Amino acid sequence: MAEATPLLPGLPDEITIGEILVRLPPKPLLRCRAVSPAWRRATSARDFLQSNHTRQPAQPLLYSHSDVADGGQSLDVTLFDHRAGVAAATDQFQRIARLKAAPLEGGIDDGSFTPLFYPVASCDGLLLLSIECDLCICNPATQQYAPLEQLDGFMTVGLYPHPPTGQYRLLLYHETDQRAIHVFSIGSNQPPRRIGRPDPLAGHGLLFRGSLHWHTGNWIMAFDTTAESFRQIRSPVAREDYGQLFAMGDMLGIFFLNYEKTTVDIWVMQDYQGEVWAFKCRVELPVAEIRDQCQNSSHIEEVMVVNGDGELLMLVGFEDWLFQVDIDGKLMASFHARGLPSYNIVHKQTLVQHTFFPALEGYVINDSPFI
């Protein structure tokens, strides 16, 4: 019996598939499917796609709005490859989605009034979006999209996988009662269920070691996504100002931006179980250099701390500029008109088809609002 022809002459398929193709980003991987039926089968298997997803980097997510040809505006979602050094901007920025927001009900479709449209959370390739106070879910890589119409009046503070059921769930407040927290299973026909009344949660939770985390002043609130219960973790310092959490490999980190937006204090948790924190550094942001380059005296708008191959970097958003700064406060690179960091969100792309989408009313694939 003749042996099957290898995908690449001279290489066994376990190398071609398991070491080369599995490391490709989604767009090049989709192009590989056009090579032959054998390539399409090899790159479409669910186990392969899950392995491909685990190898994708978690990249900072940026967003901006732009005009579209037929009127109105689009939401442009871009990933920033902060590990690429000072390479050309085309090497560091990858737009993964462009979506057009429909006019609000009762509005005039003349492009003069566009609802507020922005990303709020990311998990396993899924991107949760907010349009005014409405929520929708999409996977930019597979072009799957659906509104979450049953969540009218709710605001989300977390998106997470629930390991016992395999479901993806949302943590929610209702706008009429922000003291109560609710859980909603995406794709379920059941309404959100109330689970408790923790302290108010600011922003959207960071998923780390199977728990969502929020800084709440003197404490960090953690939500176990398996048991679906809350607990408190000691904050490194008693500061009421808003601290932003981040993951640095297997360590949890937090940074504080001072009121003047000129310095960043960074702490890392050396022992997660023992809740042992260590002060890492204070970074003096190169504010004067940034203002000089932009020829503007405005304040910095956004700061995000990211893990750049074991070394921390900062992304600084200033009007329509993005600056890359190291922990010594040195300005490493600057980029024009690429959007602002979105709520400290990092995104890992996936071509895995999420099975809950067809159960959602209004579900589409490869169709509007993607443009």
Side-chain angles (χ1 to χ4, degrees), residues 58 120-124 128 151 154-165 167-186 192-259 263-282 303-307 312 341-346:
V120 294
S122 172
C123 177
D124 290 350
L128 188 69
L151 299 182
F154 283 92
M155 300 171 291
T156 180
V157 290
L159 167 65
Y160 63 96
H162 184 239
T165 62
Q167 296 175 333
Y168 286 88
R169 296 182 173 180
L170 296 174
L171 278 183
L172 305 157
Y173 285 125
H174 196 275
E175 60 187 6
T176 61
D177 182 6
Q178 296 190 27
R179 296 173 300 171
I181 201 82
H182 298 76
V183 168
F184 175 72
S185 299
I186 301 176
R193 58 185 173 87
R194 180 170 172 163
I195 64 167
R197 296 175 59 181
D199 294 335
L201 303 177
H204 295 83
L206 172 73
L207 187 60
F208 178 78
R209 291 198 177 187
S211 293
L212 289 167
H213 299 75
W214 302 261
H215 178 249
T216 60
N218 295 333
W219 296 93
I220 292 168
M221 185 67 72
F223 175 77
D224 187 314
T225 61
T226 297
E228 296 190 316
S229 60
F230 288 93
R231 72 184 190 279
Q232 287 183 328
I233 296 175
R234 184 175 60 86
S235 179
V237 288
R239 291 178 58 162
E240 294 296 334
D241 54 337
Y242 177 49
Q244 290 198 36
L245 296 161
F246 64 92
M248 183 181 176
D250 61 352
M251 287 196 298
L252 183 66
I254 188 170
F255 72 92
F256 298 92
L257 180 66
N258 70 339
Y259 180 78
T263 64
V264 176
D265 287 349
I266 300 176
W267 296 74
V268 293
M269 184 179 271
Q270 294 181 325
D271 180 355
Y272 183 79
Q273 298 299 327
E275 301 181 15
V276 177
W277 289 92
F279 180 72
K280 185 171 180 64
C281 62
R282 170 169 288 180
V303 174
M304 181 177 185
V305 174
V306 296
N307 183 13
L312 293 180
S342 179
Y343 297 95
N344 222 26
I345 296 173
V346 294

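We number each residue from 1, following the sequence as shown. None of the values given here were measured: they were computed from a predicted structure.
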Participant: Taking the side chain as every heavy atom from C-beta outward, state whether His162 and Pro164 have any pair of such atoms under 4.5 Å apart.
Facilitator: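 Answer yes - side chains close enough.
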Participant: Just verifying a value: how many Å separate Trp219 CH2 and Arg231 CZ, rounded to the nearest 0.5 Å?
Facilitator: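 So the CH2 of Trp219 and the CZ of Arg231 are separated by 12.5 Å.
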Participant: Could you go step by step and tell me if Met269 and Ile233 meet the side-chain contact (heavy atoms from CB on, under 4.5 Å) rule?
Facilitator: CA-CA 11 Å; Met269 184 179 271; Ile233 296 175; 3.6 Å; yes
Participant: ring-ring contact (aromatic ring centres under 6.0 Å, His included) with His174: which residues, sequence neighbours excluded?
Facilitator: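 Per chain and number, His174 pairs via ring-ring contact (aromatic ring centres under 6.0 Å, His included) with Phe154.
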Participant: Do Gln270 side-chain atoms and Ala278 backbone N/O form a donor-acceptor pair below 3.5 Å?
Facilitator: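 Such a contact is absent between Gln270 side chain and Ala278 backbone.
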Participant: Any idea which heavy atoms bring Ile254 and His215 closest together, and the distance?
Facilitator: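 Looking at all heavy atoms of both residues, the shortest contact is CD1-CD2, 3.6 Å.
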Participant: What closest approach, in Å, do Leu201 and Tyr173 show between heavy atoms, and which atom pair accounts for it?
Facilitator: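 Taking Leu201 first and Tyr173 second, the nearest heavy atoms are N-OH, 2.9 Å.
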Participant: For a quick test of reading the model, state the closest non-hydrogen atom pair linking Phe279 to Ile266 and the distance between them.
Facilitator: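 For Phe279 and Ile266, the tightest heavy-atom pair comes out as CD1-O, 3.7 Å.
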Participant: If you measure from NZ on Lys280 to CE on Met248, what distance do you get to the nearest 0.5 Å?
Facilitator: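 Reported value, rounded in 0.5 Å steps: 5.0 Å.
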Participant: Got Arg193 and Glu228 here, is their nearest side-chain heavy-atom distance under 4.5 Å?
Facilitator: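 They are in side-chain contact.
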Participant: Is there a side-chain contact between Leu312 and Phe255, using heavy atoms and a 4.5 Å cut-off?
Facilitator: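 No, too far: nothing below the 4.5 Å cut-off.
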Participant: Decide yes or no for His204 and Leu171: does some side-chain heavy atom of the first lie under 4.5 Å from some side-chain heavy atom of the second?
Facilitator: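 No, their side chains stay 4.5 Å or more apart.
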Participant: So, for Leu206 and Ala247, which heavy atoms are closest and what is the spacing to 0.1 Å?
Facilitator: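 Heavy atoms only, the tightest pair is CD2-N, 4.0 Å.
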Participant: Working to the nearest 0.5 Å, report the span between CD of Gln244 and CZ of Phe246.
Facilitator: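 With rounding to 0.5 Å, CD (Gln244) is 10.5 Å from CZ (Phe246).
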Participant: Out of curiosity, Glu275 CD to Ile220 CD1, how far, rounded to the nearest 0.5 Å?
Facilitator: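 Reported value, rounded in 0.5 Å steps: 8.5 Å.
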Participant: For residues Leu245 and Phe208, determine if any side-chain heavy atom of one lies less than 4.5 Å from a side-chain heavy atom of the other.
Facilitator: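 Leu245 vs Phe208: side chains apart.
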Participant: Kindly determine whether Met221 and His213 satisfy side-chain contact (heavy atoms from CB on, under 4.5 Å), including the steps that lead there.
Facilitator: CA-CA 6 Å; Met221 185 67 72; His213 299 75; over 6 Å; no
Participant: Apply the test side-chain contact (heavy atoms from CB on, under 4.5 Å) to residues Leu151 and Thr156: give CA-CA distance (whole Å), side-chain angles for both, the deciding distance (0.1 Å), then the verdict.
Facilitator: CA-CA 9 Å; Leu151 299 182; Thr156 180; over 6 Å; no
Participant: Nearest heavy-atom pair of Leu159 and Leu212: which atoms, and what distance?
Facilitator: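 In this case the closest contact between Leu159 and Leu212 is O-CD2, 4.0 Å.
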Participant: Kindly indicate whether the side chain of Leu207, heavy atoms from C-beta on, has any atom under 4.5 Å from the side chain of Pro161.
Facilitator: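 Leu207 reaches Pro161 side chain to side chain.
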Participant: Going by heavy atoms in the side chains, are Phe223 and Ile195 under 4.5 Å from each other?
Facilitator: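 SC-SC contact between Phe223 and Ile195 confirmed.
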Participant: Show your working on side-chain contact (heavy atoms from CB on, under 4.5 Å) between Leu252 and Tyr272 and close with a plain yes or no.
Facilitator: CA-CA 7 Å; Leu252 183 66; Tyr272 183 79; 4.3 Å; yes
Participant: Any side-chain heavy atom of Asp224 within less than 4.5 Å of one from Ser211?
Facilitator: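 When only atoms from C-beta onward are counted, Ser211 and Asp224 do touch, with a gap below 4.5 Å.
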Participant: Checking Trp267 side chain against Val237 main chain: does a donor-acceptor pair fall under 3.5 Å?
Facilitator: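 Looks like no, no N/O pair under 3.5 Å.
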Participant: Shortest non-hydrogen contact from Ile345 to Ser122?
Facilitator: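 In this case the closest contact between Ile345 and Ser122 is CG2-CB, 3.6 Å.
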Participant: Sequence neighbours excluded, which residues qualify as side-chain contact (heavy atoms from CB on, under 4.5 Å) partners of Ala58?
Facilitator: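 Expected list: Val346, Lys348.
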Participant: Does the Asn258 side chain pair with the main chain of Thr263, one donor and one acceptor, at a distance under 3.5 Å?
Facilitator: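 Yes: the side chain of Asn258 pairs with the backbone of Thr263.
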